[in-house]
Engineer: 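Mind looking over this structure? Questions follow.
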Amino acid sequence: MSKSSDAVHAILRQSEGFRSAQDIFTKMRADGAKIGLTTVYRALQSLSDDGRVDMLRTDEGESVYRACESDVHHHHLVCRRCGRTVEVAGPDVERWAEAIGAEYGFTEVTHTVEVFGTCPECAAAAGSR
Ligand SMILES: [Zn+2]
Ligand SMILES: [Zn+2]
Ligand SMILES: [Zn+2]
């Protein structure tokens, strides 16, 4: 694992929700790190390959990353306004994915399920305007 991957991982660990490569790059430059955007992308790719960060695509199609609390399989509930993320288990989703795979004769079935919405704080802030 390279030094830049560790630095990127450290930034993600300080963040509440999912962050884009651009966000991370901007933060690291502001902290005085001499790092290029390409290096940030490469670090994120290798961290995601190693399972040290989760990657997901937002409603807008942007790839965002997060260092998760849990290193076992889980899902995310993501606020699309503030990026706040809750890690959730999805036993029904697990069963459904296994069953649908089996029904069509697929083995080694994996899945990615992310749920987007507006968190209670953001809903309250929007309502009180
Ligand atoms: Zn997670
Ligand atoms: Zn929110
Ligand atoms: Zn799952």
Side-chain angles (χ1 to χ4, degrees):
M1 193 55 61
S2 71
K3 261 184 75 196
S4 54
S5 296
D6 286 338
V8 167
H9 193 247
I11 296 285
L12 283 172
R13 291 208 68 97
Q14 296 162 18
S15 310
E16 267 283 292
F18 281 84
R19 294 281 171 262
S20 70
Q22 185 65 53
D23 287 346
I24 296 159
F25 171 70
T26 305
K27 172 105 177 66
M28 289 178 83
R29 296 293 286 204
D31 291 351
K34 301 208 183 334
I35 193 163
L37 185 55
T38 314
T39 309
V40 173
Y41 273 112
R42 227 178 274 133
L44 286 167
Q45 187 60 54
S46 87
L47 287 166
S48 150
D49 289 347
D50 293 346
R52 291 174 79 204
V53 302
D54 278 359
M55 192 267 279
L56 66 81
R57 236 172 260 282
T58 64
D59 282 0
E60 290 81 42
E62 186 183 32
S63 296
V64 289
Y65 304 83
R66 179 174 197 259
C68 288
E69 303 295 318
S70 165
D71 51 11
V72 299
H73 176 80
H74 60 275
H75 299 272
H76 302 107
L77 199 54
V78 186
C79 176
R80 67 165 77 75
R81 286 173 189 247
C82 69
R84 190 180 137 208
T85 302
V86 186
E87 301 196 345
V88 291
D92 293 342
V93 175
E94 311 312 323
R95 275 194 294 274
W96 172 81
E98 283 296 319
I100 205 77
E103 192 180 325
Y104 289 92
F106 281 47
T107 56
E108 294 168 74
V109 174
T110 63
H111 61 269
T112 307
V113 176
E114 315 296 354
V115 183
F116 293 91
T118 302
C119 76
E121 283 77 15
C122 288
S128 68
R129 262 205 306 257

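Order of listing sets the numbers, starting from 1, for every ligand and every atom in it. Since we're looking at a predicted model, the values are computed, not measured.
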Engineer: Work out the angle at the Zn ion (ligand 1) between NE2 of H76 and NE2 of H74, rounded to 10°.
Structural biologist: 110°
Engineer: Run the salt bridge (Lys or Arg N to Asp or Glu O under 4.0 Å) check on K27 and D23 step by step: do they pass?
Structural biologist: CA-CA 6 Å; K27 172 105 177 66; D23 287 346; over 6 Å; no
Engineer: For the metal site, I want the angle between atom OE2 of E94 and atom NE2 of H73 with the Zn ion (ligand 3) at the apex, to 10°.
Structural biologist: 110°
Engineer: Is the shortest side-chain N to carboxylate O distance from E121 to R84 below 4.0 Å?
Structural biologist: yes
Engineer: Can an N, O or S atom be found in C68 less than 2.8 Å away from the Zn ion (ligand 1)?
Structural biologist: yes
Engineer: Under 3.5 Å, is there a donor-acceptor pair linking the side chains of E98 and H111?
Structural biologist: no
Engineer: Please determine whether a side-chain nitrogen of the Lys or Arg among R13 and D6 lies less than 4.0 Å from a carboxylate oxygen of the Asp or Glu.
Structural biologist: no
Engineer: Taking the Zn ion (ligand 2) as the vertex, what is the angle from SG of C82 to SG of C122, given to 10 degrees?
Structural biologist: 110°
Engineer: Measure the shortest side-chain to side-chain distance between F18 and L56 over non-hydrogen atoms and say whether it is less than 4.5 angstrom.
Structural biologist: yes
Engineer: With the Zn ion (ligand 1) as the point of reference, which N/O/S atom of E87 is the closest?
Structural biologist: OE2
